[in-house]
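Below, all heavy atoms of this structure are taken into account, side chains as well, without hydrogens, waters or symmetry copies. Given the structure is predicted, the values throughout are model-derived calculations rather than measurements.
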Amino acid sequence: MDAFSIVPLGSEHLPAASELLAQRQVRLRSARPELPAAFGEESACLPLLNRLHEQDGAYGVVALGSGSRALGYLIGAPRTEEVWGRACWSPIEGHALAAGVDVEVIRDLYATWAEHFVQRGYFRQYVHAPADDPELQAAWFRTGFGQMQAHATLEIPADVRQPSDMPFSIRRATPDDVEALGPILPLIALALIRAPAFAITPPERFEAFRADYAEHIADGEARYWLAEEQGRVLGLVAFEEAEPGPMVPEAATEMVVAMTRPSARQRGVARALIETGWADALARGQRWAVTDWRTASLPTHRSWVALGYLPTHYRLHRHIDERIAWADGRGVASAD
């Protein structure tokens with residue numbers, strides 16, 4: 001591996017980092033042509049990195065080779081939230097390496113980046129890696145990260161239609177349906193709590209579900225569809241316009257909610273709801289569907305993969321032992 005130095009990523013490095021991100025997009029599109037071509041240009045990537053660089057507490061590093069050529073970069077920012085706790089995050093645009101650069105460089109970049117955040121008490125760390133770069137993923141795994149969340153896409157079948165001749169009916173949900181929806185609203189959280197996902201939901205969040213869903217259904221940003229039979233709700237899905245980004249195809253809809261009452265499973269309820277959402281999206285000019293899920297949630301992972309969703313990138317997670325704050329070898333003499 002050729003010699004390089006690692007320095008803090010300043011605003012003067014952002015154009016070079018943007019060019020690395022654009023080059024990565026071009027490489028990824030050779031395997032995933034549905035990814036937007038626009039992010040193959042430095043001019044489209046620079047605003048993403050500018051916004052990230054301007055976040056409170058943001059910190060980045062860049063590897064510089066011969067002639068101060070940028071070989072790779074890594075940038076992220078801290079967040080403190082109810083579920084995620086005190087953590088630092090690097091989104092999918094948060095790192096890239098130049099073509100042909102040894103993936104080990106990302107580990108050197110991470111060592112400096114992580115030290116910065118650990119010294120500030122951020123022991124939970126999240127990065128994102130493209131699904132179509134297994135060598136890069138392996139480098140992250142060698143550094144203690146594990147796969148946590150899949151982000152995936154699917155081309156909506158051109159002949160998809162809302163199913164008919166079903167023993168249940170499907171319609172758009174309204175805020176008036178929230179009371180009837182109440183019994184199924186905790187289903188996603190309860191499924192994620194179970195082994196082997198063990199993804200927490202604080203008890204007080206369950207009490208807020210009805211108010212949250214009533215607000216979301218009423219604001220019209222997402223299109224909620226429910227299945228019912230004799231006045232009993234069987235399932236619910238929601239789609240909304242996907243936020244643009246390097247890993248999101250143009251004209252995409254995002255599935256943000258999908259749940260089925262346990263007693264109604266194996267009856268085609270989920271597929272009927274999803275196909276209804278797809279047909280609605282297709283009629284509105286959207287050709288692609290995206291979603292994300294916890295890969296450790298066995299039923300969810302297997303269902304969405306079987307449906308045809310193909311991961312574009314993964315969220316990776318590392319939880320550093322907090323005791324490193326004091327169990328750091330201080331006071332122990334070292335041989336020279």
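- The distance from atom CG of D212 to atom CG of L185, rounded to the nearest 0.5 Å, is 9.5 Å.
- In terms of the salt bridge (charged side-chain N to carboxylate O under 4.0 Å, His left out) criterion, R294 has no residue partners (sequence neighbours excluded).
- Within 6.0 Å of CD in E204 there are more than 12 heavy atoms belonging to other residues, nucleotides or ligands.
- Atom CG in D2 sits 8.5 Å away from atom OG in S66 (nearest 0.5 Å).
- You'll find the side chain of E241 reaches within 4.5 Å of the side chain of Q286, heavy atoms only.
- Listed for the D133 side chain is a donor-acceptor partner under 3.5 Å among the backbone atoms of L136.
- Put simply, the side chain of C45 does not reach to within 4.5 Å of the side chain of E93, judged on heavy atoms.
- For the atom pair CD of Q23 and OG of S18, the computed distance is 11.0 Å after rounding to the nearest 0.5 Å.
- Under a hydrophobic clustering in which Ile, Leu, Val, Met, Phe, Trp and Tyr are joined whenever their side-chain heavy atoms come within less than 4.5 Å, directly or via other members, Y213 and V256 fall into the same cluster.
- The shortest side-chain heavy-atom distance between W140 and H95 falls under the 4.5 Å cut-off.
- Side-chain contact between T112 and D108 is absent, with no heavy-atom pair separated by less than 4.5 Å.
- Between R171 and E228 there is a salt bridge, since at least one side-chain N of the basic residue sits less than 4.0 Å from a carboxylate O of the acidic one.
- A donor-acceptor pair under 3.5 Å is absent between the side-chain atoms of T276 and the main chain of Q162, judged by distance alone.
- Hydrophobic clustering, defined by side-chain heavy atoms of Ile, Leu, Val, Met, Phe, Trp and Tyr closer than 4.5 Å, groups M255 together with L154, I156, V160, M166, F168, I170, W225, L234, V237, F239, V269, L273, I274, W278, L282, W293, W304, V305, L307, Y309.
- The backbone N or O of H216 lies less than 3.5 Å from no partner atom in the side chain of E221, so there is not a single donor-acceptor pair.
- For the residue pair A129 and L316, the shortest heavy atom distance occurs at CB-CD1, 4.0 Å.
- A 4.5 Å side-chain heavy-atom check between T201 and V83 finds every atom pair outside the cut-off.
- The side-chain heavy atoms of L181 and I217, taken from C-beta on, include a pair separated by under 4.5 Å.
- Remark: R86 engages no residue in a salt bridge (charged side-chain N to carboxylate O under 4.0 Å, His left out) (not counting sequence neighbours).
- Contact detail for R161 and A158: the closest heavy-atom pair is NH1-O, 3.7 Å.
- Contact annotation: the side chain of M148 never approaches that of T295 to less than 4.5 Å [non-hydrogen atoms, C-beta and beyond].
- Residues R194 and S297 have side chains not in contact (no heavy-atom distance under 4.5 Å, counting atoms from C-beta outward).
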Inset, instruction - Report the C-alpha distance between V248 and E34 in whole Å, list the side-chain angles of each, state the deciding distance to 0.1 Å, and finish with yes or no for side-chain contact (heavy atoms from CB on, under 4.5 Å). - result: CA-CA 8 Å; V248 178; E34 71 269 22; over 6 Å; no
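- Heavy-atom neighbours of E322 CD from other residues, nucleotides or ligands within 6.0 Å: above the threshold of 12.
- Within the 3.5 Å criterion, the main-chain N or O of A327 finds no donor-acceptor partner in the side chain of R323.
- R287 and E155 are joined by a salt bridge, as a carboxylate oxygen and a charged side-chain nitrogen come within less than 4.0 angstrom of each other.
- R261 pairs by the side-chain contact (heavy atoms from CB on, under 4.5 Å) definition with P183, I184, R232, S263, A264, not counting sequence neighbours.
- A donor-acceptor distance shorter than 3.5 angstrom exists from the side chain of Q137 to the backbone of P130, with no hydrogens or angles considered.
- One hydrophobic cluster, built from ILVMFWY side chains closer than 4.5 Å, cannot hold both L298 and L190; they sit in different ones.
- If you take CG on L21 and CG on L46, they are separated by 10.0 Å, rounding to the nearest 0.5 Å.
- Placement of L74 and I6 within a single hydrophobic cluster is found when ILVMFWY residues are connected by side-chain heavy-atom separations under 4.5 Å, directly or transitively.
- Rounding to the nearest 0.5 Å places CG of L14 at 5.0 Å from NE2 of H53.
- More than 12 heavy atoms of other residues, nucleotides or ligands lie within 6.0 Å of CD in E12, so this atom counts as buried by the packing criterion.
- Relative ring orientation between H151 and H313 is described as parallel, the plane-to-plane angle staying below 30° on a 0-90° scale split at 30° and 60°.
- Comment: D292 does not engage R315 in a salt bridge, judged by the lack of any side-chain N to carboxylate O separation of less than 4.0 angstrom.
- Residues V233 and L236 fall within the same hydrophobic cluster, defined by Ile, Leu, Val, Met, Phe, Trp and Tyr side chains chained together at heavy-atom separations under 4.5 Å.
- Interatomic distance, R32 CZ to R27 CZ, rounded to the nearest 0.5 Å: 16.0 Å.
- Formation of a donor-acceptor pair under 3.5 Å by the H116 side chain with backbone atoms of W113 is not found in this model.
- Cluster membership for V7 and L97, using ILVMFWY side-chain heavy atoms within less than 4.5 angstrom, is not shared.
- Ionic pairing of E104 and R107 is present here: one or more N-O contacts between side-chain nitrogen and carboxylate oxygen are shorter than 4.0 angstrom.
- For the pair A252 and V290, the tightest heavy-atom approach, listed with the atom from each and the gap, is CB-CG1, 4.4 Å.
- A side-chain donor-acceptor contact under 3.5 Å links Q125 to the backbone of Y122.
- Taking a 4.5 Å side-chain heavy-atom cut-off between Ile, Leu, Val, Met, Phe, Trp and Tyr, the cluster of W326 contains only that residue.
- Summarising the geometry of Y110 relative to T143, their closest heavy-atom pair is CD2-CG2, 3.5 Å, with the distance given to 0.1 Å.
- For the pair A131 and P311, the tightest heavy-atom approach, listed with the atom from each and the gap, is CB-O, 3.4 Å.
- The local environment of CG in D56 is sparse, with at most 12 non-hydrogen atoms from other residues, nucleotides or ligands closer than 6.0 Å.
- For the pair D177 and R172, the salt-bridge criterion is not met [side-chain N within less than 4.0 Å of a carboxylate O].
- The environment of CD in E82 is crowded: more than 12 heavy-atom neighbours from other residues, nucleotides or ligands sit within 6.0 Å.
- Closest approach of W288 and P249 over heavy atoms only: CG-CB, 3.6 Å.
- For the residue pair R120 / Y59, no side-chain donor-acceptor distance below 3.5 Å is found, with atom types taken as modelled.
- Residue pairs meeting the ring-ring contact (aromatic ring centres under 6.0 Å, His included) criterion with at least one member in residues 66-85, sequence neighbours excluded, are W84-W89, W84-Y126.
- Proximity of a side-chain donor or acceptor of Q25 to a complementary backbone N or O of P36 within less than 3.5 Å is detected.
- By the neighbour-count criterion of 12 heavy atoms within 6.0 Å, atom CD of E135 is sparsely surrounded, having that number or fewer from other residues, nucleotides or ligands.
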